[in-house]
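Data first, discussion second: the structure below is written as structure tokens.
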Amino acid sequence: MKTAILASLIAAASAFAPAQQASKTSSLSAFDSELGVQPPLGFFDPFGMLSGDATEERFERLRYVELKHGRICMLAFLGQITTRAVIHLPGSINYAG
């Protein structure tokens, strides 16, 4: 009886022990010193866009395109909010001019 209680106490205590974490290596470790790399995640590429062609040039191109698309989205949002606030530019939109 005492052995069963001792075994259950040890099993319960081991549930709170820290788990062993294996070291992870990344094939994209060349980008670990780039801007935007977070300590817990490292280089975060959730869609695997750099999995096949991981060059510095492609990385910079994807970063540039992401910034461009973000700016376009911000302008589109601003246009939507402006139109909903009933602020319209003067003139009519038609083919006659």
Side-chain angles (χ1 to χ4, degrees):
M1 182 69 177
K2 290 181 184 179
T3 308
I5 293 173
L6 182 62
S8 66
L9 286 175
I10 291 173
S14 67
F16 297 102
Q20 296 289 335
Q21 296 199 3
S23 63
K24 296 180 182 178
T25 60
S26 172
S27 62
L28 299 173
S29 60
F31 304 113
D32 282 344
S33 63
E34 288 294 327
L35 181 68
V37 174
Q38 301 293 322
L41 297 176
F43 180 70
F44 186 61
D45 187 17
F47 295 121
M49 305 220 23
L50 288 174
S51 61
D53 183 23
T55 61
E56 185 75 25
E57 181 180 335
R58 179 151 168 78
F59 180 75
E60 293 296 329
R61 168 82 175 133
L62 288 174
R63 177 180 282 172
Y64 170 76
V65 169
E66 182 180 4
L67 285 173
K68 182 178 85 168
H69 289 161
R71 289 174 181 154
I72 291 170
C73 288
M74 286 187 272
L75 284 173
F77 180 76
L78 184 61
Q80 176 74 11
I81 294 299
T82 304
T83 304
R84 291 208 179 209
V86 193
I87 301 172
H88 299 286
L89 295 174
S92 62
I93 300 175
N94 59 14
Y95 291 115

Exercise for the section: With sequence neighbours left out, write down each residue that passes side chain to side chain contact (heavy atoms under 4.5 Å, CB included) with Arg61, or none if nothing qualifies. Expected result: Tyr64, Val65
Exercise for the section: Can you sort out the partners of Glu60 under side chain to side chain contact (heavy atoms under 4.5 Å, CB included), two or more places apart, ordered by chain and number? Expected result: Glu34, Glu56, Arg63
Using a 3.5 Å cut-off and no angle test, enumerate the donor-acceptor pairs between side-chain atoms of residues 70-86 and protein atoms at least two apart in sequence or in another chain.
unit_1	atom_1	unit_2	atom_2	d
Thr82	OG1	Leu78	O	2.7
Thr83	OG1	Gly79	O	2.8

List, one per line, each side-chain donor-acceptor pair under 3.5 Å for residues 5-13, sequence neighbours excluded.
unit_1	atom_1	unit_2	atom_2	d
Ser8	OG	Ala4	O	3.4
Ser8	OG	Ile5	O	2.8

